2 protein chains.
Amino acid sequence: MMITPVFLRMFPAMRVKITGLDPHQQYYIAMDIVPVDNKRYRYVYHSSKWMVAGNADSPVPPRVYIHPDSLASGDTWMRQVVSFDKLKLTNNELDDQGHIILHSMHKYQPRVHVIRKDFSSDLSPTKPVPSGDGVKTFNFPETVFTTVTAYQNQQITRLKIDRNPFAKGFRDSGRNRTGLEAIMETYAFWRPPVRTLTFEDFTTMQKQQGE
Amino acid sequence: MMITPVFLRMFPAMRVKITGLDPHQQYYIAMDIVPVDNKRYRYVYHSSKWMVAGNADSPVPPRVYIHPDSLASGDTWMRQVVSFDKLKLTNNELDDQGHIILHSMHKYQPRVHVIRKDFSSDLSPTKPVPSGDGVKTFNFPETVFTTVTAYQNQQITRLKIDRNPFAKGFRDSGRNRTGLEAIMETYAFWRPPVRTLTFEDFTTMQKQQGE
DNA sequence: TGTTTGACACCTAGGTGCTAACAT
DNA sequence: ATGTTAGCACCTAGGTGTCAAACA
């Protein structure tokens, strides 16, 4: 499943800097993702815009991504940039891996929660985040995004190819090469054994020398 | 750096099953590795034995491997097999990655520590494990091993090649193949372009059919 | 028709023993 | 002479977009 940010962010991963915690207090930090509205969307090419295309699909089980550095002291949290790059999304409503479940073609808002340890007794990926005095929740409207299963917009594709290390294979310099071609490039001067030199070899070599 | 177990264990990784904890209490579980004696060893081929070869090198900074599932409840610890397969060793006395530092050619005993949370204020990879009522330490004499930088014993080599998934490339079926040969095997029927079929191709093909 | 899925080649990241060169 | 190191090919494990086929 892929994500198309509409107002940017979410890729690169959402990252936050935290201040104002009690350095000696213990905290969880967590993220969940809630629907922005009750609509389903479709992408209209000629206007390059998302348009309402009916009502939202039925709600899915709420999931919470508990940041893997949890539990940690306020001191520890404040000393680092907290990144959510390990958060995983799925459109499989039966997911049992604790991933965050979303509908495709819907608009979502990520939320960051800072939860005092002494306040929360049983934080779990499959339970809603508690609310109250010991919990602070943050919304960043610029991180709203629309989910897709295939990219709707070539600029998003290029952004992710250019920025995501794992998509390096699709960057321009690596394009249009089959597996074999890439390999033979490495062994540029290798020739198969038990072969005799033929006319083609000389012309090839001469061309390479001339370049 | 490699490890040669003398009485077996340590590879596969040391794994323990824990019982008798208070299910609702929080615990750390940790491992450290202490010298068995004050000696340095060498391996004598003709007798296939480790022999004393002088006194031990000067002591190195003590390090502790805190199991990554720490902190967890007694209930959580007892419900799983606790594996130490992520523990890393080094012979670099200046290591600043928190790895466990050992001398080569010395004999060592791994120890497992179960530490009640309310007992330990500041557990750290670079501080010795505290001792007292809230800490239980376990030695398994069959896990004593001797450190090496190159294998001294072909049986150990074979054991590790056979059992460690990451050494699969050295198993018999994959041996004696260069990188290119392995690749060409995959593209068994591929022939370089712009080449004409020669006599050698026919004899090769006939041999393959005959086998 | 639009959307969704699964196989695929291509990457990152890092754990293996092998080997030749180096150190002591 | 023996012990150690660094580069290497070979793996595991898993994150990318692409593409063709399946889907609804």
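A quick note: this is a predicted structure, and the numbers were derived from the prediction, not measured. Quick note on labels: first sequence line is chain A, next is B, and so on, each numbered from 1.
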- Residue pairs passing the salt bridge (Lys or Arg N to Asp or Glu O under 4.0 Å) test with at least one member in residues 42-71 of chain B, sequence neighbours excluded, are B:R40-B:D57, B:R63-B:D95
- Task: Could you tell me which residues satisfy side chain to side chain donor-acceptor pair (under 3.5 Å) with A:S131, sequence neighbours excluded, listed by chain and number?
- Result: none
Show me the protein contacts with nucleotides 12-14 of chain C, counting only N or O atoms at under 3.5 Å.
| residue | atom | partner | partner atom | Å |
| --- | --- | --- | --- | --- |
| C:dT12 | OP1 | A:K168 | NZ | 3.1 |

- Whole Å only: how far is the CD atom of B:Q154 from the P atom of C:dC18? 7 Å
- Residues in side chain to side chain donor-acceptor pair (under 3.5 Å) contact with B:K127, at least two apart in sequence or another chain: B:D122
- Message: Suppose we screen for side chain to side chain donor-acceptor pair (under 3.5 Å). Which residues come up paired with B:S70, at least two apart in sequence or across chains?
- Response: none
- Item | Partner set under side chain to side chain contact (heavy atoms under 4.5 Å, CB included) for A:N55, not counting sequence neighbours | A:K39
- Residue met sooner reading DNA chain D from 5', once B:Y41 and A:A167 are mapped to nucleotides: B:Y41
- Item | A:K86, NZ: over 12 other non-hydrogen atoms inside 6.0 angstrom | no
For nucleotides 5-7 of chain D, give me every protein contact, N/O to N/O, under 3.5 Å, one pair per line with atom names.
| residue | atom | partner | partner atom | Å |
| --- | --- | --- | --- | --- |
| D:dT5 | OP2 | B:N91 | ND2 | 2.7 |

- B:N164 has a side chain; which of C:dT16, D:dT4, C:dT4 sits nearest to it? C:dT16
- Residues forming a side chain to side chain contact (heavy atoms under 4.5 Å, CB included) with B:V129, sequence neighbours excluded: B:D32, B:V64, B:H113, B:I115, B:V135
- When the rotation axes relating C1' atoms of four end pairs to the next four are compared across the helix from C:dT3-D:dA22 to C:dT24-D:dA1, five pairs an end, they differ to 10° by 10°
- Given D:dT18, D:dG3, C:dG17, the nucleotide with the shortest approach to the side chain of B:Q152: D:dG3
- Considering only C:dT4, D:dG17, C:dG17, which nucleotide approaches the side chain of A:T157 most closely? D:dG17
- Query: In whole angstrom, what separates B:K160's NZ from C:dG17's P?
  - Reply: 5 Å
- By side chain to side chain contact (heavy atoms under 4.5 Å, CB included), B:N38 pairs with (sequence neighbours left out) B:A56
- Item | Test side chain to side chain donor-acceptor pair (under 3.5 Å) applied to B:S58 - qualifying residues, sequence neighbours left out | none
- Task: Not counting sequence neighbours, list each pair that qualifies as a salt bridge (Lys or Arg N to Asp or Glu O under 4.0 Å) and has a residue in residues 72-84 of chain A.
- Result: A:D75-A:R79
